[in-house]
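Since the model is a prediction, treat every value here as computed from it, not as a measurement. Side chains are part of it too, since the values below use all heavy atoms of this structure and drop only hydrogens, waters and symmetry mates. A, B, ... follow the sequence lines: proteins, then strands. Residue 1 opens every chain.
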There are 2 protein chains.
Amino acid sequence: MSQYERACLIRGDGGRAIRRLLERIGNKWTLLVVATLHEQRMRFSELQQRVPGISQRMLTLTLQHLERDGLVSRTAYAEVPPRVEYELTDVGCTLIDPAVRLAEWAVEHNPDIDRSQQLYDARKPSDR
Amino acid sequence: MSQYERACLIRGDGGRAIRRLLERIGNKWTLLVVATLHEQRMRFSELQQRVPGISQRMLTLTLQHLERDGLVSRTAYAEVPPRVEYELTDVGCTLIDPAVRLAEWAVEHNPDIDRSQQLYDARKPSDR
DNA sequence: CGGTATCCAGAGTGATACTG
DNA sequence: CAGTATCACTCTGGATACCG
């Protein structure tokens, strides 16, 4: 399969498949939560500590979305005080690999983008 | 490098690298424009025709961001009427591969996600 | 402990009209 | 042709307070 043909996958159905995925993981916290859960199953409060900066509300919302999509499973234990644990499902695990590729690209090309932005911003507006 | 170690890349610097990338490509149009330009260099109006639904304003904004990041180059020809052509830079091209992996995941797992959402939504709110 | 409910500020997006 | 300018709207995310 050629590089060209593969690129067509992105536009595929007018881009609907990948758009849907990006609406999921394109937000501020989802990938961080997924990557954190990949280390091990974890309860709510532990997750909140390991994802620095996330608010209770956003962690709740993120986990609910992930559970609805079947990427994370939620287990509530009938105890007092309550205990709830989250873990990646099998499908959720398969997302790690493509996500890591993206992260590798990001880390590798961050300096390029910095440089390009500085050049761009230094140009006189009239030259743009 | 283990799967576990690779996943750490996502959280890397508190997730800053991949967050920056997702702010770029996580929006509605960027990846569609990149994938379209991957076919060939193209002028503004042609691009607008090939990316169905995009407004003039959003295409302008998307291209300006991509140019600032150094993923797309812009060439204006001093003609009347004006002609401007866009093409992927070398760095821009390297983004195609990880993006395609993501698209492949999206296409492959779309049915899983549909099913999971239907199950989730069918559950009584009290069971959640 | 693990959530909900409410409110608010800001960013992303789109329609429309105008311009070199 | 390839943009800019303006306005309106929606959606996200954050702060805070309360609940089982």
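- Shown here for B/G15 and A/L32, the closest heavy-atom pair between the two residues is CA-CD2, 3.7 Å.
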- Encode nucleotides 13-20 of chain D as B, S and - characters from 5' to 3', where the letter depends on protein heavy atoms closer than 4.0 Å: B to the base, S only to sugar-phosphate, - to neither. BBB----B
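- Separating the CG atom of A/L59 from the C1' atom of C/dC1 is a distance of 13 Å, rounded to the nearest angstrom.
- Here the P atom of nucleotide D/dG3 and the OH atom of B/Y77 are 13 Å apart, to the nearest Å.
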- Item | Working for side chain to side chain donor-acceptor pair (under 3.5 Å), residues B/R24 and B/T30 | CA-CA 7 Å; B/R24 245 171 273 296; B/T30 300; over 6 Å; no
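- For the pair A/E67 CD and C/dG3 C1', the interatomic distance rounds to 13 Å; values are reported in whole Å.
- Remark: B/R43 does not engage B/E79 in a salt bridge, criterion side-chain N to carboxylate O under 4.0 Å.
- One can place CD of A/E46 at 13 Å from P of C/dC1, the figure rounded to the nearest angstrom.
- A straight line from CD of B/E85 to P of D/dC1 spans 14 Å, rounded to a whole angstrom.
- When all heavy atoms are compared, the tightest approach of B/L88 to B/V34 is CD1-O, 3.9 Å.
- Taking 4.0 angstrom as the limit, B/S45 places none of its side-chain polar atoms (N or O) nearer than this to OP1 or OP2 of D/dC1.
- A straight line from CZ of A/F44 to C1' of C/dT4 spans 11 Å, rounded to a whole angstrom.
- Taking atom CZ of B/R74 as the reference point, atom P of D/dA2 lies 10 Å away to the nearest angstrom.
- A sub-4.0 Å separation between OP1 or OP2 of D/dG3 and a side-chain N or O of B/Y86 is present.
- A/Y120 and B/L63 sit in two unconnected hydrophobic clusters of ILVMFWY residues. Membership requires side-chain heavy atoms under 4.5 Å apart, directly or through other members.
- Formation of a donor-acceptor pair under 3.5 Å by the B/R19 side chain with backbone atoms of A/N27 is found in this model.
- For B/R83, no side-chain nitrogen or oxygen approaches OP1 or OP2 of D/dG3 to under 4.0 Å.
- As rounded to whole Å, 11 Å separates atom P of D/dT4 from atom CG of B/L63.
- Contact check, A/Q64 against C/dT4: a side-chain N or O comes under 4.0 Å of OP1 or OP2.
- Remark: A/D69 does not engage A/R20 in a salt bridge, criterion side-chain N to carboxylate O under 4.0 Å.
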